[in-house]
Number of protein chains: 2
Amino acid sequence: MEKTARLGLERVSRPRLYEQLVEQILAYIESAQLKPGDLLPAERDLAERLGVSRATLAQALVALEVLGVIDVQHGTGAVLARRPSVASVIKGLREHRSRLPEIVEARSTLEGKLAALAAARRTDEDLKAIDHALGVMAKEISAGDRGTQGDELFHEAITAAAHSSVLAQLMAFIAEMILETRMESLGQPGRPEQSLASHRRIADAIRDQDPEAAAEAMLAHIELVSDVELLR
Amino acid sequence: MEKTARLGLERVSRPRLYEQLVEQILAYIESAQLKPGDLLPAERDLAERLGVSRATLAQALVALEVLGVIDVQHGTGAVLARRPSVASVIKGLREHRSRLPEIVEARSTLEGKLAALAAARRTDEDLKAIDHALGVMAKEISAGDRGTQGDELFHEAITAAAHSSVLAQLMAFIAEMILETRMESLGQPGRPEQSLASHRRIADAIRDQDPEAAAEAMLAHIELVSDVELLR
DNA sequence: ACTGGCTCACTGGACTAGCCTCTTAGACAG
DNA sequence: CTGTCTAAGAGGCTAGTCCAGTGAGCCAGT
């Protein structure tokens with residue numbers, strides 16, 4: 001089971017009705033030109049129009065609520081949240097899921113800051129975790145592996161060392177997208193060694209508590225790691 | 001529970017069963033030391049243990065799935081996602097909601113980059129939206145208002161002008177937390193005028209397509225706007 | 001001994017019908 | 001005009017039922 005996950009083989013599509021409903025409702029909101037504060041049709045009505053049961057529709061509404069698109073109020077109805085912008089953003093993201101340049105952009109923004117903060121705030125524990133990740137990656141590479149696990153550990157350790165839960169949450173948000181690029185990058189010949197070397201530079205800057213150098217090294221690292229996809 | 005001090009009259013807390021269930025399941029995951037790949041108890045079992053119907057539990061599971069905590073597979077069960085880290089992060093965030101310094105940190109990181117990108121990529125339309133926001137804020141202030149609406153519009157226009165949907169999504173993610181700080185900051189005497197002035201500096205840099213100046217102006221602006229909370 | 005196919009006991013997916021609480025507008029009494 | 005009450009309609013939740021995937025184990029055919 002873990003093997004399949006490592007290889008990136010996503011389980012085949014498991015169709016879920018509520019997911020389709022989310023898409024349809026999003027489309028409806030757009031087509032009906034609904035503004036923040038407007039009400040969605042009543043559940044019984046919507047369910048009938050969409051040809052599903054209320055229970056299933058309720059799941060879709062929960063999903064939309066978690067996504068921040070609507071706010072369901074007992075006795076009143078489902079009102080559009082103040083920021084319907086997220087709706088279009090989410091929709092856009094779902095459509096073309098891998099906008100590599102944009103992901104790299106977001107990643108370097110976040111991780112550059114994270115590296116700088118890590119340099120400023122790291123404890124000895126943090127440093128130990130970073131060095132451990134380095135060791136894991138080195139071992140993986142000398143065993144002929146790509147070092148993806150160590151790579152992941154390293155970036156997680158940096159994130160933890162920055163001691164900023166809000167930024168950490170944002171990283172978690174784009175972590176999945178990054179994962180896809182990570183595998184490809186480390187698949188290039190000679191790339192794992194390069195990557196390890198630039199990891200070492202980042203770690204050194206953090207060890208020396210030099211925020212600027214850490215940010216710079218991280219930016220250089222991400223650039224190195226990211227240029228692969230750009231040629232595709 | 002504190003009053004959510006928002007202009008737009010937030011409805012009083014409306015308890016929803018599925019929300020409590022999410023919390024309980026999160027707590028269970030932690031207490032049971034479940035690791036990624038592990039299975040949650042079966043729906044029928046869990047529903048009985050939690051004393052709710054399967055339909056309601058299904059809503060909680062949808063919420064957890066949207067949050068990225070689990071992955072529900074037909075015929076197999078609900079498996080914990082690879083990154084359970086988000087679970088603890090989410091939990092932490094929900095608990096002490098206002099980590100102001102961290103929010104400011106994340107905000108300046110994102111908006112600094114966004115401003116630079118906006119300067120590099122803005123179209124004439126984007127510029128028009130930015131100027132419009134400036135106009136709205138000026139009108140609000142001269143009417144004796146705090147200018148929150150214009151302020152919000154301005155930052156949204158900048159985000160749009162950066163043309164980076166991934167970064168935009170990250171901004172949307174922390175937008176709600178920022179909202180709370182915005183009101184407080186603009187409530188300070190003389191603050192709206194200062195804020196408007198620094199908005200103008202940002203807009204000018206973007207008009208001149210000068211990324212560095214834009215980022216710098218944005219950072220200065222956020223610093224100005226944020227120092228209030230730090231003295232509290 | 002292996003392979004393939006079958007079964008069956010699980011798992012979640014979805015629907016239905018019904019009753020509850022909450023909200024709100026409008027009727028009605030003062 | 002004002003305050004109160006009520007009923008319609010909104011969402012919240014439950015219980016019961018059936019459908020559809022999954023996977024372990026059995027058992028025949030090779």
Side-chain angles (χ1 to χ4, degrees), chain A residues 1-5 9-25 28-29 32 34 37-81, chain B residues 1 8-25 28-29 32 34 36-81:
Chain A
M1 185 179 349
E2 60 227 11
K3 284 283 193 233
T4 62
L9 299 183
E10 211 60 44
R11 236 184 175 98
V12 252
S13 65
R14 154 191 47 93
R16 296 260 234 122
L17 236 195
Y18 88 80
E19 290 172 350
Q20 295 170 234
L21 293 182
V22 165
E23 304 291 338
Q24 289 189 44
I25 295 171
Y28 168 77
I29 290 172
L34 295 188
D38 285 353
L39 282 172
L40 246 46
E43 283 191 7
R44 290 168 177 83
D45 185 26
L46 241 190
E48 189 178 3
R49 274 206 255 173
L50 294 169
V52 300
S53 73
R54 263 186 84 200
T56 303
L57 176 62
Q59 292 183 29
L61 294 180
V62 165
L64 285 169
E65 199 168 18
V66 172
L67 288 173
V69 178
I70 61 174
D71 185 15
V72 182
Q73 295 173 1
H74 194 168
T76 305
V79 319
L80 255 69
Chain B
M1 175 182 333
L9 44 129
E10 191 82 17
R11 217 123 207 153
V12 246
S13 65
R14 144 197 50 95
R16 294 259 235 125
L17 236 197
Y18 88 80
E19 289 173 350
Q20 296 171 233
L21 293 183
V22 165
E23 303 290 338
Q24 287 190 45
I25 295 171
Y28 168 76
I29 290 172
L34 295 188
D38 285 352
L39 283 172
L40 246 46
E43 283 190 7
R44 290 169 178 81
D45 185 25
L46 242 190
E48 190 178 3
R49 274 206 255 175
L50 294 169
V52 301
S53 72
R54 260 186 88 200
T56 303
L57 176 62
Q59 293 183 27
L61 294 180
V62 165
L64 285 169
E65 198 167 21
V66 172
L67 289 172
V69 178
I70 62 173
D71 185 16
V72 182
Q73 295 173 1
H74 193 170
T76 305
V79 318
L80 257 68

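Here is the naming used below: chain letters follow the sequence lines, and residue numbers restart at 1 for every chain.
In this model, the phosphate group of D:dT14 is approached by a side-chain N or O of B:Thr56 to a distance below 4.0 Å at OP1 or OP2. Within the structure, a side-chain polar atom (N or O) of B:Arg16 is placed less than 4.0 Å from OP1 or OP2 of D:dG12.
Following rounding to the nearest Å, B:Ile70 (CD1) and C:dT11 (P) show an atom-to-atom distance of 15 Å. As a whole-Å value, the separation of A:Gln73 CD from C:dT24 C1' is 13 Å. Separating the CG atom of B:Leu57 from the P atom of C:dG13 is a distance of 10 Å, rounded to the nearest angstrom. For the pair B:Leu21 CG and D:dC13 C1', the interatomic distance rounds to 11 Å; values are reported in whole Å. We find that CG of A:Asp71 is positioned 13 Å from C1' of D:dG11, with the value rounded to whole Å. For the pair B:Leu39 CG and D:dT22 C1', the interatomic distance rounds to 12 Å; values are reported in whole Å. Per the geometry, CG belonging to B:Leu61 stands 14 Å off P belonging to C:dT11, to the nearest Å. Rounded to whole Å, atom C1' of D:dC13 lies 13 Å from atom CD of A:Gln59.
Of the two residues contacting DNA chain C, namely A:Arg54 and A:Gly51, the nearest-nucleotide position lying further toward the 5' end is that of A:Gly51. Sequence order on DNA chain D of the closest nucleotides to B:Arg44 and B:Ser53 puts B:Ser53 first from the 5' end. Remark on DNA chain D: of its neighbouring residues A:Gly75 and A:Ala55, the 5'-side contact belongs to A:Gly75, judged by nearest-heavy-atom nucleotide.
The nearest pair of heavy atoms linking B:Gln24 to B:Leu50 is OE1-CD2, 3.2 Å. Here the closest heavy-atom approach between residue A:Val66 and residue B:Tyr18 is recorded as CG2-OH, 4.3 Å. Of all non-hydrogen atoms in A:Arg49 and A:Pro41, the two that sit nearest each other are NH2-CG, 3.3 Å. Heavy atoms only, all atoms of each residue included: A:Ala78 and A:Ile70 are closest at CB-CD1, 4.1 Å. Of all heavy-atom pairs between A:Ile25 and A:Ala60, the closest is CD1-CB, 4.4 Å.
The side chain of A:Thr76 approaches C:dT23 more closely than any other nucleotide in the set C:dC15, D:dC13, C:dT23.
A distance of 9.5 Å separates CZ of A:Arg16 from CD of B:Gln73, quoted to the nearest 0.5 Å.
By the salt bridge (charged side-chain N to carboxylate O under 4.0 Å, His left out) test, B:Arg44 is found to be paired with no residue, residues two or more places apart in sequence or in another chain being considered.
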Close N or O pairs between protein and nucleotides 6-8 of chain C (under 3.5 Å):
none

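Contact of B:His74 with C:dG12 (side chain to base): a donor-acceptor pair of N or O atoms is detected under 3.5 Å.
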